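Note sheet for the following structure.
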Amino acid sequence: MNFNKTLDGIKTYEAGKPIELVVREYGVDPKDIIKLASNENPYGTSPKVSQAVKDISDKMFLYPDDSMHALKEGLAKKFNVHKDEVIIGAGSDQVIEFAVHAKLHSSAKVLMNSITFAMYEIYARHAGAQIIRTTSRYHDLEEFYQMYLEHKPEMIFICTPNNPTGDAIDTQKLKEFLRRIDTDTLVVVDGAYMEYAAFKDPLKAVSAEELIREFSNVLYLGTFSKAYGLGGMRTGYGIANKDIIKAFYKLRPPFNITTLSLEAATVALKDEAFVQECIGKNFEQMKAYETFSKEMGIEIIDSFTNFVTLCLNDDQSSTEISLSLLKKGMIVRDLKGYALNAIRVTVGTPAENKRFFELFKEVVK
Ligand SMILES: *Cc1c(COP(=O)(O)O)cnc(C)c1O
């Protein structure tokens, strides 16, 4: 069958391998499998959230509250913005999709970093847009600006901290960059790991409120999938000027997140102490990776997230090493697809990290 030609250049997104797949394909005992591949919170979610979800499980037959009032109120309070400046998505992924379709058409251009979150390109290609990438490994905003002048893209993606490298941009530099961009260019600032960056270094903390007050063309993205420990609930959000949000609403399917997701996210916002405690443990544990990489003579990228990127030496193949680890039940992310001979490892619990260090030593030459 012939399909829409825009699909031809699209590579299917490869999600972190689920535990079930490793059990099926490699016969590893499920209790020996550790997943450090999708940057989930290894400490789970707040016990208050689990309880709240159980308590409303008898409401599953009802469609969710499509106004999402309680969750939007919670987010508006957290970010000190207005409810009308917030949209909820089935993961922030869905908000990226809204943004792309609201802005891009088949002759449009979109600018993004050489190495960044793979879904930006996939969604942009759905709209038939042309992808333009910088050349530097890390976000170089001067290079972004030069390419912006040259190509005049309709849309720009900035990911800070960036996935899959973990580095973050200085907030002041980001704002200076945004001041040079015309207000008809939609700039997406993806803060999927912002809670981590804000904890580690206030200079990297981006305030959604400040961004949208100063810039009518900026969309800030956040998610419950990472620090809030709700990856399975598929809930994210966008914060922007009311006009942008209004345009996105035209693309939003009704009831785009579930009753359980709504409840989970709303309650999660009320237990900030849990999230901060997990983030504290994350950076405590990250030190073990820094020590380990030094011992092993491997480059580690300074990370402002809940994962580390280990850049392997030339005689070590990231694909072989991640496959060997997988066969032993340790799931990490091979970054070969991003043209990096590196693996990305979510910082786990102390026991998970210790196991990673043991297995890595076994599989590396
Ligand atoms: C995980 C992630 C997202 C989105 O996750 P959702 O689960 O769809 O909310 C967005 N951007 C980046 C950079 C991510 O790492």
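Every number for a ligand or one of its atoms is a count from 1 in the order of the listing. These figures come from a predicted structure and were not determined experimentally. Just so you know, these numbers use all the heavy atoms, side chains as well, and skip hydrogens, waters and symmetry mates.
One side chain, Arg344 or Asn163, offers a donor N or O that lies under 3.5 Å from an acceptor on the other.
Without hydrogens or angle criteria, Asp170 side chain to Lys204 main chain gives no donor-acceptor distance under 3.5 Å. Judged by distance alone, the side chain of Thr185 and the main-chain N or O of Glu154 form no donor-acceptor pair under 3.5 Å. Under a 3.5 Å cut-off, the side chain of Ser46 and the backbone N or O of Lys48 do form a donor-acceptor pair.
Using a non-hydrogen distance threshold of 4.0 Å, Cys159 registers as a contact of ligand 1.
The six-membered or imidazole ring of Tyr237 lies away from that of Tyr220, with a centre-to-centre distance of 6.0 Å or more. Remark: aromatic rings of Tyr193 and Phe307 are close, center separation under 6.0 Å. For an aromatic pair to be called close, the ring centres must be under 6.0 Å apart, and Phe98 with Tyr249 fails this. Phe274 has its ring centre no less than 6.0 Å from the ring centre of Tyr43. In this structure, the ring of Phe117 has its center no less than 6.0 angstrom from the ring center of Phe157.
Within the 4.0 Å heavy-atom criterion, both parts of Asp93, backbone and side chain, lie near ligand 1. Residue Arg234 touches ligand 1 through its side chain alone, judged by heavy-atom distances below 4.0 Å. When heavy-atom distances to ligand 1 are checked against a 4.0 Å cut-off, Gln94 has no atom that comes that close, whether in backbone or side chain. At a heavy-atom distance under 4.0 Å, no atom of Phe224 approaches ligand 1. At a heavy-atom distance under 4.0 Å, no atom of Ala90 approaches ligand 1.
Checked by distance only, ligand 1 and Asn163 come closer than 3.5 Å through their nitrogen or oxygen atoms.
For atom 4 (C) of ligand 1, the closest non-hydrogen atom on the protein side is Ser92 OG, 3.1 Å. In this structure, atom 2 (C) of ligand 1 lies nearest to the protein heavy atom Lys226 NZ, 2.5 Å. Closest protein heavy atom to atom 11 (N) of ligand 1: Asp190 OD2, 2.6 Å.
Contact atoms of ligand 1 toward Gly91: 6 (P), 8 (O), 9 (O) (distance under 4.0 Å to a heavy atom of the residue). Counting the atoms of ligand 1 from 1 in the order shown, those under 4.0 Å from a heavy atom of Tyr193 are 14 (C), 15 (O). Annotation for ligand 1: atoms under 4.0 Å from non-hydrogen atoms of Ser225 are 6 (P), 7 (O), 9 (O).
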